[in-house]
Amino acid sequence: LAASLMMMHALPMDAAAANDKGAFVKVDRTHFVRGGQRYYIAGANFWYGAYLGAAGKVGDRARLVKELDTLKAAGINNVRVLAVSEKTDMPSAVRPATTAAPGQYDEDLLAGLDYLLAELAKRDMTAVIYLNNFWQWSGGMTQYLNWFEGTKALDPNITKDYEDYMAKTVRFYRNDQAQAEYRNVIRKIVQRVNTVTGKRYADDPAVMAWQLANEPRPGNARTTPEEKAVYVKWIADTAGYIHGLDANHLVSSGSEGLAGSAQDGELFMQAHRSKHIDYLTYHLWPKNWGWIDSKTVAATWDGALEKSRHYLNVHIDYAKKVGKPIVLEEFGMDRDNASFDIKAGTTVRDRFYGAVFDVITTRATKGEPIAGFNFWAWGGAGRAANPDYWWKEGNDLMGDPPQEEQGLYSVFDTDASTIALIRATAAKLKGLERK
Ligand SMILES: O=C1NC[C@H](CO)[C@@H](O)[C@@H]1O
């Protein structure tokens, strides 16, 4: 405590003030509250934020500071970030990884999250921090199975078989050794003492929530009742474990909603009824789910808009039934004509963002259980390095992880029309914050 108090005095006044000012985000029935009043998150997905915070050649702290200033100026008050990555031979995973092997962690990379949290506190911004990944782009659960089953880590960019990937990856939930190492990592991160501020993560208001994983799924389209039961239990047990380590912060699943629940609404609600899960999450991906093709927008836009609005509304209704807040923590659309080129327009993207924001702000204004959004994803000053738009180690990191073309969904710092939409929506939600 003495060290922490000393470090607090060592911080610039604005940082110390921000820490004092930034109360923990809590849940009051179907809303977030912070500092005694209703709180909405206007957030960005920034999976690589801790990578930028690392010292040395992997990080880019000058860029991180610039990105956070740009996001803050756009009204963004929350970022959703990856905490850890697992070393793997899968081609489409980020390198380097924070975890070389079970129990072998790169302290320099982990200090990147320390730096990010310190910079967020200075700006009174918060972070949702996910502790694993159902997908391969950071190693994730399939890499845990490589460690503890000896099976090959499956890269769907190579196998082209997502159904097989999902059916096999869910073995993670039932592998005792994988779960033990996963909890070692959870404990290491949640109980970490920030090397920049001297503050325990568990006592830091810059953390908003711990998240079990990015997009955990119960299985594939043929998920069995037994797999669903394993998934519900894994969520409840893991969330309970995190709350046991940290009494201050919220815990969420990272679920996509129906798309990540085998299209089973009862499963989605059941997975989030646990007292250890504080709020619901859902993600909206019209292009990934085949609802729209940006090369034939005229033919597919109306259908995609109708399905998107339905997806938004049905999940807000699920939150009302469960009686907890819900955050749309991922949504995105590619650039015009499915281009990855930063010079391509964002007409379709802006129409989509506008339609999403209309549903969210309209129903939030009515007091419905909406706690905010995180768009996917902030590319900022990052720029694609290769003519084929694929990421190679050492290239800029941006909103699109390595398994996708660099420029697919990233919102860059030059995308003024999209940033203006985000800023306007952030202001609308801010206007709803009251005692
Ligand atoms: O979590 C995710 N959801 C969708 C993103 C864009 O396809 C993807 O990059 C990421 O794995």
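Along the sequence shown, residues are numbered consecutively beginning with 1. Whatever order the structure lists ligands and atoms in, that order sets their numbers, starting from 1. All values derive from a computational prediction rather than experimental measurement.
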Asker: Measure from NZ or CZ of Arg351 to the centre of the six-membered ring of Trp301, then state whether that distance is under 6.0 Å and the direction lies within 45° of the axis.
Answerer: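 The answer is yes; both the distance and angle limits are met.
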
Asker: Take Asp336 and Arg349, measure what salt bridge (charged side-chain N to carboxylate O under 4.0 Å, His left out) needs, and give me the verdict at the end.
Answerer: CA-CA 8 Å; Asp336 293 350; Arg349 175 181 292 172; over 6 Å; no

Asker: For ligand 1, would you mind listing the residues that have at least one heavy atom less than 4.0 Å away, ordered by chain and number?
Answerer: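 Its neighbours under 4.0 Å (heavy atoms only) are Trp135, Trp137, Asn214, Glu215, Trp285, Asn288, Glu330, Trp376, Pro401, Gln403, Glu404, Tyr409, given by chain and number.
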
Asker: For a side-chain contact (heavy atoms from CB on, under 4.5 Å) with Ile186, tell me which candidate from Leu245, Leu212, Val84 qualifies.
Answerer: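 Going through Leu245, Leu212, Val84 one by one, the side-chain contact (heavy atoms from CB on, under 4.5 Å) with Ile186 is satisfied by Leu245 alone.
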
Asker: Are side-chain heavy atoms of Asn175 and Gln179 found at a separation under 4.5 Å?
Answerer: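 Asn175 does not reach Gln179 side chain to side chain.
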
Asker: Quick check: are there more than 12 heavy atoms from other residues, nucleotides or ligands sitting under 6.0 Å from CG of Asp176?
Answerer: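 12 or below, so no.
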
Asker: Which pairs count as side-chain hydrogen bond (donor to acceptor under 3.5 Å, both in side chains) when at least one residue sits in residues 254-264, sequence neighbours excluded?
Answerer: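 Passing the test, one end in residues 254-264: Arg217-Glu256, Lys228-Asp264.
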
